[in-house]
Amino acid sequence: MTKLNNTIRRVTERIVENSRASRASYLELMQREADRKPEHKDVACSNLAHAFAGALEDQDAMKAGRGPNIGIVTAYNDMLSAHQPYGRYPDRMKIFAREVGATAQVAGGTPAMCDGVTQGEDGMELSLFSRDVIAMSTGIALSHQMYDGIACLGICDKIVPGLLMGALRFGHLPAVFVPSGPMPSGISNKQKQETRQKFAAGEIGRDALLESELGSYHSPGTCTFYGTANSNQMMMEMMGLHIPGSAFIQPGTKLRQSLDRAAIHRLAELAGTTERTLAKVVDEKAIVNAVIGLLATGGSTNHAIHIPAMARAAGIIVDWTDLAELSSVVPLLARVYPNGAGDVNHFHAAGGMAYVTHTLLDEGLAHADILTVWEGGMDAYTAEPVLENDALSWTPVKESRDDTMLRPASDPFIADGGMKLVTGNLGRACFKSSAVSPDRFTVEAPCRVFENQADVVTAFKAGELDQDVVVVVRFQGPRANGMPELHSLTPSLAVLQDRGYSVALVTDGRMSGASGKVPAAIHCTPEALGGGPLSLIQTGDIVKVCASTGELSTTADLSSRTPAPDPQPQWGVGREMYRMLQMQADGAEQGASAMLASAGL
Ligand SMILES: O=C(O)[C@H](O)[C@@H](O)[C@H](O)[C@H](O)COP(=O)(O)O
C-alpha cells in the first residue's frame with residue numbers, strides 16, 4: 001500500500017488533536033445512547049402498540065420482535081427533480097427489508113428545497129438554514145427510538161448535510177445513505193450557460209431561454225452539473241456511507257434498484273451490531289476523505305460550510321486552514337461542469353468515483369483505512385457496480401476511460417486542489433480556483449459596493465460596470481439574511497469578463513455549486529453585519545483578490561471608517577420565521593449553524 005501523503009497525515013493528526021475533547025464527549029454520548037434502557041422492544045406496551053398500529057402487514061413481525069426495524073428518513077417531494085424518485089422508495093424498501101427478515105418504517109420526513117427554483121429569489125434566503133431544520137426534523141423522526149438502523153433518503157444541497165447532522169446525533173445506530181441518481185444528460189451545461197449569457201446581453205428573448213432551460217432540466221433525477229447535490233453524493237462515497245459506487249446510477253434502472261435493495265439488506269445486516277455505527281464510520285479520517293474528494297473533483301464551494309458543520313455534529317473540528325492545506329497537496333483530477341465541459345453522467349462513464357478513489361489511494365492521497373458501511377474500507381469503493389444475469393457485483397476501475405474528463409493523480413489537470421483560502425484586512429474567504437482560468441487568479445481594481453444582487457444586475461444593465469471592477473455584495477452573511485447563493489449574478493459578471501474586463505466578486509454570501517468562471521472570494525467572514533470588514537469598504541476603494549498569494553485586501557485605511565448601518569431584516573416568503581435561526585448562527589467557517597451553536601456543539 002502506498003504511504004499516506006505527509007500533509008494529509010499532518011492535517012489529520014491536527015484535526016484529531018483539535019477535536020480531542022469534543023470527539024470524546026460525542027462518543028461518550030453515543031455510548032450512553034447505545035446503553036439507554038429500556039431498549040425499544042421493551043418500552044411500555046401502549047408505546048409499542050402506537051408504533052405498530054400503522055405497520056399493516058409488518059405488524060405481526062414487529063409484535064413478535066422478529067428482526068431489526070429500519071427507520072427511513074425521507075426528504076421526498078416532487079418539487080425537487082432529484083427527490084421525485086423517492087416517492088416510491090419506502091414501499092419498495094419495506095419489501096426489501098422483508099426479504100431479509102427485517103421491517104422498515106418511515107420514521108419521518110424532512111423538508112427539502114430546490115436552490116434552482118429559488119435562485120435569485122427571496123426564498124433563497126431560507127435555503128442555508130433549511131439545513132438546520134432538516135437536521136432537527138431528522139432528530140424528530142429518530143426520537144421515536146424504534147429503530148435499529150437508519151436509511152437516509154436525500155440528495156440535494158442542504159438535505160444530505162442536514163440529514164447527516166441529524167442522524168449523527170443518533171450515531172449509536174448504523175446508517176446508510178441511499179441516493180437515487182442523476183437525470184439523463186440533456187443539452188450541455190456549457191450550451192445552457194451560453195444561452196443565458198446571450199439573454200443577459202439582450203441577444204435572445206425569454207421563449208428561447210426557457211426552451212434552453214427545459215432542454216437541460218427535463219426529467220426526474222439530480223441536475224447533471226457538478227454542483228452541491230452531486231458533490232454530496234461524491235462525499236457520501238468518500239466517507240463510506242453509500243453502497244459502493246451508487247452515487248451516479250440513474251433512476252429507473254435495474255442497477256439502481258439492485259443498489260437500493262443492497263442498501264436495505266446491508267442495513268438489516270448491520271442493525272443491532274456495534275461495529276459500524278454511524279458515529280464510528282464518521283470519524284476524523286472520513287471527514288478528511290470528504291475534503292479530499294471535494295478538492296480532487298472540484299466540488300461545490302457550499303461544502304466549505306457544510307463540512308465543518310457535519311464534522312461538528314460528530315464532535316470533529318475542521319476549518320478552512322485545514323481545507324487550504326489539504327488543497328495544497330490534493331490534485332484536481334476531474335473536469336466536470338462548471339469546471340469542464342462534461343456532466344456527471346460523462347464523469348461516471350469515464351470511471352467516476354471508483355476511478356477517483358482508486359487513483360487517490362494509489363498515490364497515498366486519501367485514507368484507505370476507514371470504517372465504511374461496506375466491508376473492505378475505501379478499497380471497496382474503487383470498483384463500480386454492475387449487473388450480471390441480474391446479480392449485483394463490482395468491477396475494479398483502474399483506468400480513466402476519458403482523460404479529458406478524469407485524470408490519474410500522478411498526471412492531474414492541476415497539481416493542487418480546486419479551493420483556496422484568501423485572507424487579509426477584508427477577512428477570510430473561499431476562492432474556487434478549479435473553474436477559474438489561472439490568468440484570472442489575480443484581480444486588483446476599484447470596487448463597487450452593493451447590498452443586494454438586484455442592484456448589481458441593474459447597474460450591469462445600465463452599463464455602469466463596464467470597467468475593471470471588484471463587485472462587492474455585502475450583508476449577505478448568515479446573520480444578515482441567511483447567506484443566500486448569489487449565482488444569478490454569474491451571467492452578468494461573465495459577460496463583463498468576456499468583454500475583456502478584469503472582474504471579481506467579493507461577498508459574505510454564497511455562490512452555487514454551479515458557479516464558476518468568474519473569480520470570487522465568497523463566504524467572507526466575519527460577515528458585514530455587526531461591523532465586519534466588508535461593512536467598512538466604500539465604492540472606489542482598491543480591492544485585491546489573489547488566489548495565487550491567498551490575498552483578500554484593500555489599500556483603503558479601514559481603521560478610520562464607520563461601518564455601514566446593518567440593513568433591516570426582510571419579511572415575506574417566510575423569511576421572518578427564519579430570523580430566529582439566523583440570529584443564533586455562528587460564522588461560515590464554523591458551519592453557520594444555529595442548531596450547533598445553540599447546543600454548544
Ligand atoms: O449549489 C448548487 O448546486 C446550486 O444551487 C443548484 O442547486 C442550483 O440548481 C443552481 O442554482 C442551478 O444552476 P444552473 O445555473 O446551472 O441552472
Side-chain angles (χ1 to χ4, degrees), residues 75 77 79-84 112-121 123-128 130-131 134 154-162 182-183 185-200 209-218 220-235 294 297-307 336-344 347 418-419 430 432 434-435 453 457 476 482-495 507 509-518 520 522-523 588:
N77 69 49
M79 173 53 60
L80 274 72
S81 59
H83 288 209
Q84 189 276 355
M113 69 181 279
C114 176
D115 287 347
V117 176
T118 55
Q119 195 63 249
E121 300 295 327
M124 171 56 88
E125 293 180 16
L126 274 58
S127 162
L128 181 59
S130 74
R131 190 193 57 188
I134 292 161
I155 304 240
C156 288
D157 305 17
K158 259 59 62 187
I159 299 102
V160 166
M183 71 175 78
S185 303
I187 66 158
S188 76
N189 286 290
K190 194 159 176 270
Q191 205 182 331
K192 176 186 74 184
Q193 205 56 38
E194 283 166 2
T195 309
R196 284 181 190 177
Q197 279 186 226
K198 283 190 187 153
F199 180 76
L209 180 63
L210 182 58
E211 205 54 46
S212 161
E213 296 293 328
L214 280 166
S216 176
Y217 302 108
H218 54 84
T222 316
C223 305
T224 59
F225 56 83
Y226 194 53
T228 311
N230 288 319
S231 304
N232 278 336
Q233 304 319 306
M234 171 281 299
M235 283 195 320
L294 182 74
T297 57
S300 169
T301 47
N302 277 317
H303 289 301
I305 304 169
H306 296 325
I307 290 176
V336 199
Y337 183 88
N339 313 321
D343 66 22
V344 283
F347 167 72
M419 218 176 284
C430 299
K432 179 171 172 174
S434 56
Q453 32 179 341
V457 177
Q476 307 297 313
M483 208 181 183
E485 289 184 353
L486 307 174
H487 177 58
S488 60
L489 297 179
T490 301
S492 311
L493 298 178
V495 167
T507 182
R510 294 182 294 136
M511 286 302 264
S512 131
S515 309
K517 188 169 167 175
V518 178
I522 62 175
H523 310 161

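Start at 1 and go down the list; that is how both ligands and their atoms are numbered. These numbers come from a predicted model, not from an experiment.
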Please determine whether side chain to side chain contact (heavy atoms under 4.5 Å, CB included) holds for the pair Met419 and Ser434, giving the CA-CA distance in whole Å, both sets of side-chain angles, and the decisive distance to 0.1 Å. CA-CA 7 Å; Met419 218 176 284; Ser434 56; over 6 Å; no
Have a look at Glu213 and tell me which of Lys192, His218, Arg196 forms a side chain to side chain donor-acceptor pair (under 3.5 Å) with it.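 Exactly one pass, corresponding to Arg196.
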Look at the rings of Phe225 and Tyr217 and say which category their plane angle falls in: under 30° parallel, 30 to 60° tilted, over 60° perpendicular.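 Perpendicular, since the angle between the ring planes exceeds 60°.
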Other residues, nucleotides and ligands only: do more than 12 of their heavy atoms fall within 6.0 Å of CD on Glu211?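 Open: at most 12 neighbouring heavy atoms sit under 6.0 Å from CD of Glu211.
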Kindly indicate, with the supporting measurements, whether the criterion side chain to side chain contact (heavy atoms under 4.5 Å, CB included) is fulfilled by Ile305 and Arg131. CA-CA 11 Å; Ile305 304 169; Arg131 190 193 57 188; 3.9 Å; yes
For [atom], what is the nearest protein heavy atom, given as residue, atom name and distance?
| atom | answer |
| --- | --- |
| atom 7 (O) of ligand 1 | Asp157 OD2, 2.7 Å |
| atom 14 (P) of ligand 1 | Tyr217 OH, 3.0 Å |
| atom 5 (O) of ligand 1 | Glu485 OE1, 2.5 Å |
| atom 4 (C) of ligand 1 | Ser512 OG, 3.1 Å |
| atom 1 (O) of ligand 1 | Thr228 OG1, 2.5 Å |

Taking 4.0 angstrom as the limit and counting only heavy atoms of [X], give me the atoms of ligand 1 inside it, by number and element.
| X | value |
| --- | --- |
| Gly116 | 8 (C), 9 (O) |
| Gly227 | 3 (O) |
| Ala514 | 13 (O), 16 (O) |
| His487 | 11 (O), 13 (O), 14 (P), 15 (O) |

Given Gln119, Lys192, Gln193, Arg196, identify the one with the heavy atom nearest to atom 16 (O) of ligand 1.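 Among Gln119, Lys192, Gln193, Arg196, the closest heavy atom to atom 16 (O) of ligand 1 comes from Lys192.
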Of the side chain and backbone of Asn302, name the one, both, or neither that has a heavy atom under 4.0 Å from an atom of ligand 1.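 It is the side chain that gets close, since no backbone atom is under 4.0 Å.
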Kindly compute the distance separating OG (Ser488) from CD (Gln119), expressed to the nearest 0.5 Å.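 CD of Gln119 is found 5.5 Å from OG of Ser488.
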So, regarding Gly513 and ligand 1 (criterion: nitrogen or oxygen to nitrogen or oxygen, under 3.5 Å), is there a contact or not?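 Between Gly513 and ligand 1 (N or O atoms, distance only) the closest approach is under 3.5 Å.
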Pair Arg510-Met124, side chain to side chain contact (heavy atoms under 4.5 Å, CB included): steps then yes or no: CA-CA 11 Å; Arg510 294 182 294 136; Met124 171 56 88; 4.2 Å; yes
Determine, stepwise, if the pair Asp115 / Lys158 fulfils salt bridge (Lys or Arg N to Asp or Glu O under 4.0 Å). CA-CA 9 Å; Asp115 287 347; Lys158 259 59 62 187; 2.3 Å; yes
